[in-house]
Amino acid sequence: MTFRTLDDLDVKGRRVLVRADLNVPMADGKVTDRLRIVRQAPTIRELAEKGAKVIVLSHFDRPKGKVVPSMSLKPLAEPLAEEVGRPVVFADDCTGPKAEAAVAALKNGQVLLLENTRFHKGEEDNDPAMAKQLAALGDIFVNDAFSAAHRAHASTEGVARLLPNAAGRSMQAELTHLEKALGNPQRPLMAVVGGAKVSTKIALLENLVKRVETLMIGGAMDNTFLAAEGIAVGKSLYEADHLETARQVIHMATESGAAILLPRDVVVAKEFKRDAPYRTVPASQVGADEMVLDVGDKSVAEFQNRLMGTRTLVWNGPLGAFETPPFDRGTVAAAQMVASLTRAGQLLSVAGGGDTVAALAHAGVEGDFTYVSTAGGAFLEWLEGKQLPGVEALTAK
Ligand code: 3PG
Ligand code: MG
């Protein structure tokens, strides 16, 4: 995969459009998780230090082509300024006279944040007219938003085709680590896939099972795999209409020689609530009135055995109901094993997608993996083996 980086650009005095992803969790007008801002600030800072006029583009939430005041990017200007270490000017629109005037007023080294790109319908339509209006604001386009790269929108894909472009530092780090994890990994390679539903991860499981030596399956989707093998799972959440999908994944593993790790023992309870009474049983002995909420100690030990000989690990999704202790124990123990082997230099570990970052943070190890992606949907599509349009546009000749 070849793409330009900030090292290939001469930005002094140039207007550089930076596509960031400031779609961060907020509550009562305040950012509750700054990770994406922290990751994207270095690109903006570096460009400003090099004397560029930096113009930041982002979407926020899903306003569907209309101006929705509660989805304004304005409250992001201050947190962004704090992380970049420079003032950030805000403009009320991302195209048209307000944006043009704000860009024209920029001096070298200054940073401007434009309003939510999704306030315009042309953004999600990838309307060439919108891409052209955005391109008119800059001389160079830098995409630093891997987490939005699965969207072929005007500010991710369209504009990249109209200006000289490069990957920002965060995009560069994401692509480099993803390549090491799955594109060209050191083997043996193991994938850990957890989460609730097989149905949302069919393409992902089918792609991974062809590429890995070991596929560890956790979370409620385990129940569907167990049920597919004829094991009674009691009251557990499972997808009766995806037993065949689970069998297909197991069949593909046999064909490709991948080992599938399903839990040999499970933590079950009669109620799903915090501190509910529970017991750990062999996977074949779930009571009719019980539900599976976590993987058991023997399963974690088997995971650890496999992990010892593994060189590269990709992780998506928790192994159990980690938000509701004590059903977090399997996820926490497994994550800590990955963290410790990574710290010891024995393992390259990359995690991402949805609940994964929260689960690693809960285990206290999000800083101990080789790389934790800030992407949700984009990470999943990448695990599915899909080309991401925002990345494609950067690597196109
Ligand atoms: C994300 O939060 O995953 C990205 O910002 C993309 O947002 P979207 O799913 O609304 O396109
Ligand atoms: Mg989202």
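Counting convention: from 1, in listed order, for ligands and their atoms alike.
If you check each of Arg62, Arg36, Arg118, His59 against atom 9 (O) of ligand 1, the one with the closest non-hydrogen atom is Arg62.
Taking a cut-off of under 4.0 Å to the non-hydrogen atoms of Asn23, the atoms of ligand 1 that pass are 1 (C), 2 (O), 4 (C), 5 (O), 7 (O). Of all atoms in ligand 1, listed by their number and element, those nearer than 4.0 Å to a heavy atom of Arg151 are 8 (P), 9 (O), 11 (O). Counting atoms of ligand 1 from 1 in the listed order, those under 4.0 Å from a heavy atom of Ser147 are 4 (C), 6 (C). Interface atoms of ligand 1 facing Asp21, defined by a heavy-atom separation under 4.0 Å, are 4 (C), 5 (O).
Here Asp21 pairs with Arg36, Ser147 under the side-chain hydrogen bond (donor to acceptor under 3.5 Å, both in side chains) rule; sequence neighbours left out.
In this structure, a donor-acceptor pair under 3.5 Å is present between the side chains of Glu123 and Thr117.
Cation-pi check for Arg39 over Tyr371 is met; the charged atom lies under 6.0 angstrom from the ring centroid and within 45 degrees of its normal.
The distance from atom CG of Leu17 to atom CD1 of Ile140, rounded to the nearest 0.5 Å, is 9.5 Å.
Contact of the Arg187 side chain with the Arg311 side chain is not registered, since no non-hydrogen atoms from C-beta on lie closer than 4.5 Å.
Within the 4.0 Å heavy-atom criterion, neither part of Ala148 lies near ligand 1.
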